*Asks:* 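I have a structure I would like to understand better, so I am pasting it below and will then ask my questions one at a time.
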Amino acid sequence: MRNVLIGLSVVFWMIVIWYAWDQTIPRAQYGVIFFGAVLELFILSELMDLAGGGRDELFVDLKRVYGQANRIESALLTLSAIDVAITCAYIAINFQTLYVTRQGRAFQHEIYMAAIFTLVVIYLTWRSFGTTFLSIILLGIAYGRWGMFAPGPLAHGGIGWDRLMRIFVLSVDGFFGFLTQLVAAWIALFLLYAGFLKAYGAFDLIMRLAFRSARYIDSGIAQTAVLSSAVIGSVNGSQTANAGMTGSFTIPLMKRNGIKPETAGAIEAVASTSGQVLPPVMGAAAFIMASLITGITYADVIVAGLIPAAVLVVTIFIAVHYVSVPQLDNTDPEDLIQDPMPRMAFLIEIVKYGVPLAILIYKLGIEQVTVMTAALWTATAMLLTGTLTPLLLAMAGMSDESISASARRSVWETLDGAREGVVVLAPVAIILGAINGVVDVLTATGVPTSISLTLMELSGGVLWVAAVLAMIICIILGLGMPTTASYTIVALLIAPTLINQFFLPELAGHFFVFYAAILAGLTPPIATCVAVACGIAGADFWKSCWEAVKLSAPLFVLPFAFVYHPEMVSAQFDTQVFLTGAFAMVGAIAMIHGINYPFAFGKPITLPARFAFTVTGIVMMLHPSRLVQALALIVAVAMYVVQTAVGRPKPIGVLRRTVGSTSRKRPQTGKVERK
C-alpha cells in the first residue's frame, strides 16, 4: 500500500505541476479536482496506517486493513473514498452548469449528494485534527442553521438546509472555495518542495548546522532546538505538529545534557511557534495574507514580516541562553554528531539546498513572478539538485556509491519526497477546505459585522481596549488549529474591525491577528503546542506553560506594537521604520532580561529589578511618543550599568561567553558556575 500511495502521489504531483505550467482550466474547476484527489490520497494514507505502515505485499496489507479489528474504520474510509470520487467527478464534469448556469439553484438529488459529502468532510476533518476542531465546524454549522436563537447582535434569521448544502458544495465555493484554490495553486508546490527537502536530507543538514553552533556558545545544545524547530516549522505550517516532529529529537537531546523536562518542553514549544512567523513561508500564512489584502504582493508580506520576525528570534535566542546555561552539563559538541561530514561534502550539501532557495528569492524578489510560478521553479530546482548532485559525485569518484546505486537512491528519495509532500499537504488542504466552508456560512449570516459592532460596543471606541479584546478572541479562535487555519479565521472575522472601525492599516491589522492567533499554542489552559512538547519531555504541563510564557513574553506584546507603530509592518524600509524596529528590539530584550535573567540579588531587589526591566521594555515597544521611548531606554541602560557594576552574575561576562565560549572551561561539577 505504501508503494500504491507513492505511485498515486507521483500522478497527483504531475497534475499539480501541469496546472502550474498550463493553467488552461478555471481555477475553481481545478480546485474541485485537486480537493478530491487530496481527500482520496488522505484516505489511502489512513488505510495504510490501519495496515500497520503498508510494508508487506498488497494482498497482505488489504487483508489486514479489512480484518476484524479494523472493519468499521475501513468501511467508513472506503465509503468516504467512493463518495468523494462521485461528488468531485460530478461537480468537475458539470462545472459550467453549477458554477454559472444554475448558480443558487440545485436539484434534490444534488442536495442529498452535497449532504453526504459534507458528512464525509466532517469525518475526515475529525480524523485529521480530533474533536477540538470538529466542535468548531459543528458549532459553525449549528450557528448557520439555528442562528435565530443566538443572543443579542449575533442573532440572524437562520439558513435552511438546502441553502447550507449549496454554500458548502454545490456553488463550487465552501469546501472548494478560495482557500482550497489557494492551496492548490500556491501552497501545494511549496509543500512538495518541503517534501523534497526532507527526503534529500536537508533536515539532517539543519541539525548539523545547529550542532556546530554548540562549539561557539554555551547554550548551543538548547539553541539546536531553536534553530531546527524554527526553520522546519516555517515550512511545516503547524506549530503543534512541528513540536511533535522536531521535539521527538531535540527534547531528549536537551534532557540528556541536563536541561529540566519543563524547560526542554517550553523551549521546543516556543521555537516551533517562532518558526510560524519566519519568512519566506511563515507557516504558509504569507500566501493567504497576500491573497486577502488588496493591492499588495507576496513579496510585500515577506518584507513586512522581516522586522518583527527578527525581534522575536533574537529575544528567544537570548531567553533560551539565559534559562539553559545554568542547567546544561559539560558536553563536548563533537559528541553530538555521530557521523562527521567532511568539509567538502558539507559545502556541497549547502550548495545543493541553497540553489533552489536562491532561485525562489530571485524569482519572487527580482523578477517578481507569480507565487505559483516561483514555487514551480523552486520545486523543480530542488528536484534537479537533489537527484543530480549524488549522480555527479558518483561519476566524479567523490562518493562511496556506484553510479547505479546512487541513481537508485536518488529515485527512491524523490518518490519518498512526493509521498511526504502529500502526507504534509493533505491535512492542510482538509482543514482549510473545512474552514472555508464554515467561513462562507458565517459570512452569509452577517456575523463579521455583528462581531465588529460588538467589539466596538465593548471597547467604547478605545483602541487599546479593542486590541486587548481582539487578542483574546484571536487566541480563543486559534485553539488547536494550524497556523493557516487560525490566521484565516481571525483575518476574516477580526481584522476587518480593526481596519474599518479603528482605521488601522491593512498590513498592521492582519499582522496583529496573525501574531495573536499563533499565541493559542502557548497560552494555557489549552496550549496545544506546549501539551505536545511536555508530553514528549514527560514534564508537568502547567510548569511548562509558565516557562513557555516567560520565554516568549515579547510575543504577547509585539502585536500591540503593530497597532501603535504600524510602520513596523509597512513593507517599507526608511529611517522611521528602522527606528521603530530598534526600539522594539531593545524593548523586547529588556523584557527578556527582566523576566529570565538569573539575578543573584535577594528577593527585595530582584523582584523590583525584574519589574522595572519589564515595564521599561514594554514602554519602549509600545509608547507612541519617541521621547518617552528614549527615556525608557535611558532608564533600562542605567539599570543595566548598575547591575553590571554591583550585581552577580555580570551581564557583560554572560555576553562575552555568548559570542565566544570555547576557551572557557566549565567547572568540574558539570554546571555553570553561579557566583
Side-chain angles (χ1 to χ4, degrees), residues 26 28-44 46-47 71-128 133-149 156-181 184 426 429-445:
Q29 188 176 18
Y30 169 64
V32 174
I33 299 171
F34 173 88
F35 193 58
V38 166
L39 292 181
E40 296 288 8
L41 289 171
F42 175 76
I43 292 170
L44 179 58
E46 291 291 288
L47 290 172
R71 184 163 297 172
I72 295 177
E73 281 190 277
S74 58
L76 288 174
L77 287 170
T78 303
L79 292 174
S80 297
I82 295 171
D83 179 73
V84 168
I86 293 173
T87 303
C88 292
Y90 181 88
I91 294 174
I93 294 171
N94 298 280
F95 172 77
Q96 187 68 22
T97 301
L98 293 172
Y99 194 63
V100 179
T101 308
R102 281 198 288 115
Q103 182 67 248
R105 294 179 291 115
F107 298 126
Q108 197 61 42
H109 71 274
E110 294 173 335
I111 298 294
Y112 294 146
M113 179 185 68
I116 297 173
F117 184 77
T118 300
L119 292 175
V120 167
V121 171
I122 292 173
Y123 170 64
L124 296 180
T125 304
W126 169 76
R127 291 192 67 96
S128 300
F133 190 69
L134 174 65
S135 62
I136 294 176
I137 295 180
L138 296 179
L139 184 62
I141 295 174
Y143 176 74
R145 179 63 186 88
W146 296 290
M148 68 286 291
F149 301 113
H156 63 88
I159 301 176
W161 288 115
D162 286 5
R163 187 185 173 198
L164 278 176
M165 293 306 103
R166 291 199 302 271
I167 292 174
F168 278 136
V169 181
L170 298 175
S171 62
V172 198
D173 209 341
F175 298 138
F176 307 110
F178 84 97
L179 286 180
T180 297
Q181 296 165 28
I430 290 172
I431 197 170
L432 286 182
I435 284 288
N436 207 138
V438 172
V439 167
D440 282 354
V441 169
L442 295 180
T443 302
T445 65

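These figures come from a predicted structure and were not determined experimentally.
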*Asks:* Atom CG of Leu47 and atom OG1 of Thr78: how far apart are they, to the nearest 0.5 Å?
*Replies:* 5.5 Å
*Asks:* Describe, in one word, how the ring planes of Tyr30 and Phe34 are oriented to each other, choosing from parallel (under 30°), tilted (30 to 60°) and perpendicular (over 60°).
*Replies:*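 Tyr30 vs Phe34 ring planes: tilted.
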*Asks:* Tell me, please, whether Phe42 has Arg127 positioned over its six-membered ring: NZ or CZ under 6.0 Å from the ring centre and within 45 degrees of its axis?
*Replies:*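 Relative to the ring axis of Phe42, which defines the angle, Arg127 lies outside at least one limit.
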*Asks:* Would a 4.5 Å heavy-atom cut-off, applied to side chains only, mark Asp173 and Asn436 as touching?
*Replies:*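 Yes. Closest side-chain heavy atoms under 4.5 Å.
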*Asks:* Kindly say whether Ala92 contributes a backbone atom to a donor-acceptor pair with the side chain of Gln29 at under 3.5 angstrom?
*Replies:* yes
*Asks:* Under 3.5 Å, side chain of Asn94 to main-chain N/O of Tyr90, donor-acceptor pair present?
*Replies:* yes
*Asks:* So, do Thr118 and Val169 sit near enough that their side-chain heavy atoms are less than 4.5 Å apart?
*Replies:*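 A side-chain contact exists here, since the closest heavy-atom pair is under 4.5 Å.
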*Asks:* As an exercise, state the distance from CG of Leu134 to CG of Leu139, rounded to the nearest 0.5 Å.
*Replies:* 11.0 Å
*Asks:* Please report the closest heavy-atom contact between Ala426 and Val38, naming both atoms and the distance.
*Replies:*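 Residues Ala426 and Val38, closest heavy atoms: CA-CG1, 3.6 Å.
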*Asks:* What is the distance from atom CZ of Phe175 to atom CG of Leu170, rounded to the nearest 0.5 Å?
*Replies:* 11.0 Å
*Asks:* Mind checking the CD1-CG spacing from Ile43 to Leu124? Nearest 0.5 Å is all I need.
*Replies:*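 One finds 5.0 Å between CD1 of Ile43 and CG of Leu124.
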*Asks:* Return the CD1 to OG distance between Ile122 and Ser80, rounded to the nearest 0.5 Å.
*Replies:* 11.5 Å
*Asks:* Given 3.5 Å as the limit, does a donor-acceptor pair link the side chain of Glu40 with the main chain of Gly36, or not?
*Replies:*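 Pair absent, no side-chain N/O of Glu40 close to backbone of Gly36.
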*Asks:* Heavy-atom distance under 4.5 Å between the side chains of Ile141 and Ile137, does that happen here?
*Replies:* yes
*Asks:* Is there a side-chain contact between Arg102 and Phe107 in this structure, where contact means two heavy atoms from C-beta onward sitting under 4.5 Å apart?
*Replies:*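 Yes, their side chains come closer than 4.5 Å.
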*Asks:* How many angstroms lie between CD1 in Ile82 and CG in Leu77, if you round to the nearest 0.5 Å?
*Replies:*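 So the CD1 of Ile82 and the CG of Leu77 are separated by 11.5 Å.
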*Asks:* Would you call Arg105-Glu110 a salt bridge at under 4.0 Å N-O?
*Replies:*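 Between Glu110 and Arg105 there is no salt bridge, as every charged N stays at least 4.0 Å from the carboxylate O atoms.
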*Asks:* Which heavy atom of Gly144 sits nearest a heavy atom of Thr445, and at what distance?
*Replies:* CA-CG2, 4.1 Å
*Asks:* For Phe117, enumerate each residue passing the ring pair (Phe, Tyr, Trp, His ring centres under 6.0 Å) test, keeping only those at least two apart in sequence or located in another chain.
*Replies:*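 With neighbours one apart ignored, the set is Phe176.
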*Asks:* Does any non-hydrogen side-chain atom of Phe168 lie less than 4.5 Å from one of Asp440?
*Replies:* no
*Asks:* Could you tabulate the donor-acceptor pairs under 3.5 Å formed by side-chain atoms of residues 156-166, not counting sequence neighbours?
*Replies:*
residue : atom : partner : partner atom : Å
His156  : ND1  : Gly158  : N            : 2.9
His156  : NE2  : Tyr143  : O            : 2.8
Arg166  : NE   : Gly104  : O            : 3.2

*Asks:* Shortest non-hydrogen contact from Val438 to Gly140?
*Replies:*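 In this case the closest contact between Val438 and Gly140 is CG1-CA, 4.1 Å.
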*Asks:* I'd like to know if the side chain of Thr87 and the backbone of Val84 have a donor-acceptor N/O pair within less than 3.5 Å.
*Replies:*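 Side chain of Thr87 to backbone of Val84, a donor-acceptor pair under 3.5 Å: no, none is there.
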*Asks:* Measure across Thr125 and Ala434 and return the closest heavy-atom pair with its distance rounded to 0.1 Å.
*Replies:* OG1-CB, 3.9 Å
